[in-house]
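The next block holds one structure in the form of structure tokens; read it before the comments.
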Amino acid sequence: MRTLKFLLQKEFRQIFRNKIILRMIIGLPIIQLIVMPLAADFEFKNINISVIDHDRSSYSKHLTDKIIASGYFVLNDYGNSFDKSFEQFQEDNADLIIEIPKNFELDLIRENTNELFIAVNAINGTKASVGNAYLNQIITDFNREIRLKNSTPPRLSQSSTIEIENLNWFNPFLNYQSFMVPGILVLLVTMVGAYMCALNIVKEKEVGTIEQINVTPIKKFHFILGKLIPFWVIGIFVFTLGLFGVGRLVYDIVSLGSLFTLYAFLSIYLIAVLGIGLLISTFSNNQQQAMSVAFFFMIIFILMGGLFTSIDSMPEWAQWIAAFNPVTYFIDVIRLVMLKGSEFKDIQKQFIIITVMAFIFNTLAVYNYRKTS
Amino acid sequence: MTAEKVISTDRLTKKFGDFVAADEISFDVYKGEIFGFLGANGAGKTTAIRMLCGLSTPSYGEATIAGFDIYKETEKIKKNIGYMSQKFSLYEDLTVLENIKFFGGIYGLSDKELKSKSNQLIETLGMSVEAKKLVGSLPLGWKQKLAFSVAIIHDPKIVFLDEPTGGVDPVTRRQFWDLIYKASSQGITIFVTTHYMDEAEYCHRISMMVDGKIKALDTPTNLKDQYHANSMDDVFYELARGAKRKAD
């Protein structure tokens with residue numbers, strides 16, 4: 001225990017003397033949490049639309065107005081030549097083209113049916129499909145209005161329609177920030193933990209001080225604990241700063257569930273993540289190697305952790321990767337606890353998995369750390 | 001010289017693939033002795049020292065350090081030795097005092113011992129002004145003297161010094177050797193590698209390593225007689241000339 005005291009004292013002294021690390025610990029969570037959620041927004045606005053109106057009737061005008069009034073679209077071009085609109089398409093000025101045929105109004109009234117042509121610029125697939133969905137909704141709405149206007153009441157009652165009423169549970173206003181901020185917080189804690197821990201040990205290898213340590217009767221277990229504990233404390237600090245300093249003050253996000261559950265999970269999660277950092281450091285001889293390896297894993301962890309895309313919609317092989325990704329579980333837990341108010345019994349499975357991961361990574365790291373080569 | 005052997009090796013060998021870095025080296029070092037371990041760059045000195053300190057496992061051969069087996073009792077060996085590597089290896093971002101207390105602490109010194117040891121050490125080194133300065137800000141010679149003092153803070157039986165005076169000015173080197181003599185007089189065995197032949201003359205006995213093998217082992221006077229040389233410099237040239245390995 002006394003050995004551990006000396007190790008911790010030394011580690012904290014070094015951390016607090018390193019100005020860059022201090023700035024990272026305080027600046028990184030604040031800046032990233034303020035900037036990233038604003039940018040990582042799935043709600044598409046400003047979709048550029050090009051309208052080709054061959055009809056120029058009051059109906060076609062009405063439809064166009066309705067599209068623009070929705071707030072999602074910006075009218076980029078209003079004309080009557082497909083070629084001209086397509087040019088806009090090719091120059092990437094337009095994301096969607098809607099073509100209203102000749103006699104749109106006439107046919108609609110006379111024959112009760114008509115066709116619209118929609119072309120989607122699918123380079124940005126998500127934007128295109130979201131835009132397409134918005135547009136379809138607007139047209140359906142428009143359709144209903146016209147039917148109401150043109151049909152005689154008895155006919156209307158004959159054709160029964162199903163109305164869909166949407167209600168968003170747990171995040172009623174589909175607020176992307178309350179969805180993204182906790183997730184980004186998880187990434188931050190992961191990065192700070194794994195990177196700093198890995199780089200710290202590898203730096204001792206580079207400078208040569210680790211050899212001086214290895215020649216002392218110090219126990220492997222003590223040495224590793226001496227490295228784990230300081231970064232565990234930093235991880236908890238970064239999380240707290242992000243959760244209260246930014247999450248609550250800037251975004252007004254308050255956790256529905258118990259903070260105790262959240263911190264309990266965080267504590268185990270940090271041990272798992274630091275274990276990964278330790279493991280990386282035992283395999284690397286210099287900071288460059290450690291950085292590259294950590295970067296490789298971090299990209300996979302971030303992209304396959306369910307922050308930006310739903311894991312359920314990934315192909316099966318990718319779901320398997322996600323299942324071995326610690327980030328997946330914490331993102332899941334933090335959203336469940338903060339947005340849904342889940343309790344410990346609801347997230348038992350995640351607790352068990354992350355505990356097993358923490359155990360495996362750290363055992364491997366201790367095993368792989370060699371005092372004697 | 002007492003006959004108690006503190007280091008005893010028998011055909012100690014380290015191979016890296018096909019390369020034999022240390023080739024069946026056998027020698028004994030006695031208590032309180034200053035043992036010079038000489039050889040050209042790449043002759044295998046560092047490999048040998050690393051094996052003796054328990055940092056590297058030998059490929060085969062036997063050795064006991066302070067009476068402990070080099071394979072099975074590395075942790076016991078580590079309690080009884082001090083080590084100062086080629087690379088400077090104190091923490092540059094800790095102060096002089098913090099380094100002393102850290103290394104003393106992990107060797108298991110009590111608070112009382114730590115206090116008296118660090119006071120005594122700082123006084124001996126004449127570093128009372130620098131005690132609270134970061135080690136990184138000290139000149140190299142001072143760092144090396146400090147590193148040596150820290151390496152023997154736990155009163156080890158043996159201290160291994162791997163080129164401790166590389167890049168240090170003559171005056172500081174002289175002071176460094178005063179520290180070595182002082183430690184030796186207290187019964188600490190000194191195992192030192194060096195490239196300075198004047199330093200070799202300070203040693204009680206010298207071994208000369210060429211291409212991973214020990215080619216000569218005797219007192220400086222006997223070696224000079226044996227090779228009909230006037231100085232250790234000449235002895236070194238005579239022996240190292242036959243080396244086939246290129247210096248690294």
Side-chain angles (χ1 to χ4, degrees), chain A residues 1-25 196 199-230 282 285-287 366-373, chain B residues 14 16 46-47 49-58 65 68 70-71 73-95 97-111 114 134-136 147 150-151 153-154 156 158-160 162:
Chain A
M1 277 325 279
R2 227 174 107 76
T3 314
L4 194 57
K5 184 195 110 185
F6 284 104
L7 282 169
L8 290 177
Q9 198 178 35
K10 165 213 158 231
E11 218 56 64
F12 276 114
R13 273 186 180 139
Q14 288 182 304
I15 291 166
F16 285 118
R17 262 177 213 158
N18 192 330
K19 296 238 160 53
I20 293 177
I21 290 197
L22 270 186
R23 274 180 216 143
M24 279 256 297
I25 295 170
M196 290 224 282
L199 289 181
N200 181 287
I201 295 181
V202 174
K203 191 189 160 203
E204 290 220 22
K205 277 192 187 177
E206 257 183 31
V207 181
T209 44
I210 202 155
E211 205 159 273
Q212 202 64 46
I213 295 281
N214 286 344
V215 85
T216 67
I218 212 166
K219 290 195 173 63
K220 280 207 279 189
F221 176 68
H222 281 154
F223 179 75
I224 297 233
L225 264 188
K227 291 289 180 193
L228 264 182
I229 295 172
T282 59
N285 291 318
N286 54 52
Q287 297 190 58
V366 173
Y367 176 77
N368 207 38
Y369 167 57
R370 299 237 172 277
K371 281 181 81 180
T372 307
S373 59
Chain B
K14 180 77 181 186
F16 297 105
T46 300
T47 309
I49 283 205
R50 288 176 54 87
M51 280 193 286
L52 299 177
C53 290
L55 286 173
S56 161
T57 314
I65 312 291
F68 298 110
I70 203 171
Y71 294 98
E73 297 170 305
T74 46
E75 294 309 298
K76 279 185 189 152
I77 290 176
K78 284 172 184 175
K79 275 201 186 97
N80 288 290
I81 60 165
Y83 171 68
M84 184 183 160
S85 73
Q86 251 168 354
K87 271 190 191 174
F88 176 73
S89 46
L90 295 178
Y91 290 96
E92 304 232 335
D93 48 358
L94 295 182
T95 67
L97 209 56
E98 284 164 357
N99 265 295
I100 297 172
K101 290 202 165 155
F102 171 68
F103 282 104
I106 59 173
Y107 273 113
L109 268 57
S110 70
D111 285 336
L114 274 181
L134 294 186
V135 165
V150 169
I153 194 164
H154 55 300
I158 311 152
V159 62
F160 293 91
D162 193 0

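Since this is a predicted model, take the numbers as computed values, not measurements. Proteins come first, then strands; the chains are lettered A, B, ... in the order of their sequence lines, and each starts at number 1.
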(message) Please classify the contact between A/Gln9 and chain B as side chain, backbone, both or neither, with a heavy-atom cut-off of under 4.5 Å.
(response) neither

(request) Please look at B/Leu114 and chain A and tell me whether the side chain, the backbone, both or neither of the residue comes under 4.5 angstrom of a heavy atom of that chain. (result) side chain

(message) Need one label for B/Lys87: side chain, backbone, both or neither, based on atoms under 4.5 Å from any heavy atom in chain A.
(response) side chain

(message) Donor-acceptor check, side chain of B/Lys78 to backbone of A/Asn214, threshold 3.5 angstrom: yes or no?
(response) yes

(message) Quick check: under 4.5 Å, non-hydrogen atoms only, which of residues 13-22 of chain A neighbour chain B?
(response) A/Arg13, A/Gln14, A/Arg17

(request) Go through B/Met84, B/Lys79, B/Lys101, B/Lys76 and name the one with the most non-hydrogen pairs under 4.5 angstrom from chain A. (result) B/Lys79

(request) Tell me, out of A/Thr209, A/Val207, A/Leu4, A/Ile210, who's got the most heavy-atom pairs with chain B below 4.5 Å. (result) A/Thr209

(request) Measure from the side-chain N and O atoms of A/Lys205 to the backbone N and O of A/Asn286, and report whether any donor-acceptor pair falls under 3.5 Å. (result) no

(request) Can you label the angle between the B/Tyr107 ring and the B/His154 ring as parallel, tilted or perpendicular, going by 30° and 60°? (result) parallel

(request) Go through the atoms of B/Leu134 and report whether side chain, backbone, both or neither lie under 4.5 Å from a heavy atom of chain A. (result) side chain

(request) With a 4.5 angstrom heavy-atom cut-off, could you sort out which part of A/Lys219 is near chain B: side chain, backbone, both or neither? (result) neither

(request) Select one option (side chain, backbone, both, neither) describing which atoms of B/Phe160 are under 4.5 Å from chain A's heavy atoms. (result) neither

